[in-house]
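Read the structure below first, then the notes.
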Number of protein chains: 2
Amino acid sequence: MVGVANSVTKRERDCLVNLKEKTRAGFPLRLHEIADAMEVKPPTALGIVRRLASKGYAESKGGMVILTESGSARARSILLVHRTFESLFCQSGISSSIACREAGEIDFLIPEKNARLILKRIDSPKVCPHGKPIGDA
Amino acid sequence: MVGVANSVTKRERDCLVNLKEKTRAGFPLRLHEIADAMEVKPPTALGIVRRLASKGYAESKGGMVILTESGSARARSILLVHRTFESLFCQSGISSSIACREAGEIDFLIPEKNARLILKRIDSPKVCPHGKPIGDA
DNA sequence: TAATAACATTAGTGTTATACTAACGTATGG
DNA sequence: CCATACGTTAGTATAACACTAATGTTATTA
């Protein structure tokens, strides 16, 4: 057990998730890809990436941005929480697009440990409403 | 249906909930009571109260602070969401103190409408883990 | 090779939310 | 009348977010 200081902001969360989902075969993303995905200007994206870097979640060199091991783990954890709540919301009758949006507002605030317990409570679905696996990756 | 711009910050949420829960018989709270409850200095509390006032959720005159009708409704809504998630967390095996803390991190981010759907999904408990009623007040 | 296009980065601003201390105002009860 | 209690202002600070404009840097291409 390390520390409980996993805290990221909403924007940092978005960046982390983008990096995790858009990175293919270990290739870094360009800063402008991140900026485009997040719908902000490059200088704004740079600030966010730097905050992630200062937390040990990303590394950035010459506009090439990659997640560190720690950042990748954090993103995986966020996605587990995300898909858990997304599933809960869908099971409750909320549309999957709204479920996804709402889950994104809270997935970085709830510890993975608690999400795993909730996952059991909602009958341990193996995939989220989009068909993505919950619990590995 | 009015607008979907119900957004409050975490601190504003805390203040709103404090006002709702500590106000008795319609009596306003003193600024310093709010400051004490939120563990901040009076000038800080004043700033938060003023932001609430600018959103139409509170009124403040000479250090006496009251919720408006709209603020009271917003607080009620937050508490419904809060108790819904608190119940979910407890049903999942999370201790009630942690459930309460975690619920407080997200209760102001999830629309009441969605919480009501989740409430059904988790078997419509009538009271939260602290015994407070869910769904009226 | 020199020019240009594409991109990153810096510099400089601005906003909002949060929080503090210190100073000041005001009112009330001794 | 004065001390106490309280609110309020003023002033400072930090962090996150976001922008434009200017400046570097790199790589392609003409």
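Since we're looking at a predicted model, the values are computed, not measured. Order of the sequence lines fixes the chain letters, A, B, ..., with proteins taken first and strands second; residue numbering starts at 1 for each chain.
Rounded to whole Å, atom P of C/dC20 lies 10 Å from atom CE of B/Met38. We find that NZ of A/Lys41 is positioned 16 Å from C1' of D/dA22, with the value rounded to whole Å. Rounded to whole Å, the distance from CG on B/Leu46 to C1' on C/dA22 is 16 Å. Rounded to an integer number of Å, the gap from CD of B/Glu12 to P of C/dT16 is 12 Å. A/Leu29 has its CG atom 15 Å from the C1' atom of C/dC7, to the nearest Å. To the nearest angstrom, P of D/dA5 lies 16 Å from CD of B/Glu33. Computed from coordinates, the A/Ile48 CD1 to D/dC17 P distance equals 6 Å when rounded to whole Å. The CG atom of A/Leu31 sits 17 Å away from the P atom of C/dA6 (whole-angstrom rounding).
At the phosphate of D/dG7, OP1 or OP2 sits under 4.0 Å from a side-chain N or O atom of B/His32. Phosphate proximity of C/dC20 to B/Thr44: present, with a side-chain N or O under 4.0 Å from OP1 or OP2. Taking 4.0 angstrom as the limit, B/Arg11 places a side-chain polar atom (N or O) nearer than this to OP1 or OP2 of C/dA19. Close to C/dT16, at under 4.0 Å from its OP1 or OP2, lies no side-chain N or O of B/Thr9. Taking side-chain N and O atoms only, B/Arg30 has a distance below 4.0 Å to OP1 or OP2 of D/dG7.
Within a 6.0 Å sphere centred on NZ of B/Lys120, other residues, nucleotides and ligands contribute 12 heavy atoms or fewer.
Map A/Gly62 and B/Gly47 each onto its nearest nucleotide of DNA chain C; the residue landing nearer the 5' end is A/Gly62. Closest-nucleotide positions on DNA chain C for B/Val40 and B/Lys55 were compared, and the one nearer the 5' end corresponds to B/Lys55.
In summary, of the residues considered (A/His82, A/Glu112, A/Lys113), a side chain to side chain donor-acceptor pair (under 3.5 Å) with A/Ser77 occurs for A/Glu112 alone.
Here the CZ atom belonging to A/Arg11 is positioned 10.0 Å from the CZ atom belonging to A/Arg51, to the nearest 0.5 angstrom. Between the NE2 atom in B/His130 and the CD atom in B/Glu86 there is a gap of 4.0 Å [rounded to 0.5 Å].
Comparing D/dC17, C/dC20, C/dT9 by their closest approach to the side chain of A/Pro42 singles out C/dT9. For A/Arg50, taking side-chain heavy atoms from C-beta onward, the closest of the listed nucleotides C/dT10, C/dC7, D/dT8 is C/dT10. Listed nucleotides C/dT21, C/dA17, D/dT20 differ in distance to A/Pro43; the shortest reach to its side chain belongs to D/dT20.
Side chain of A/Thr68 to backbone of A/Gly56: a donor-acceptor contact under 3.5 angstrom is found.
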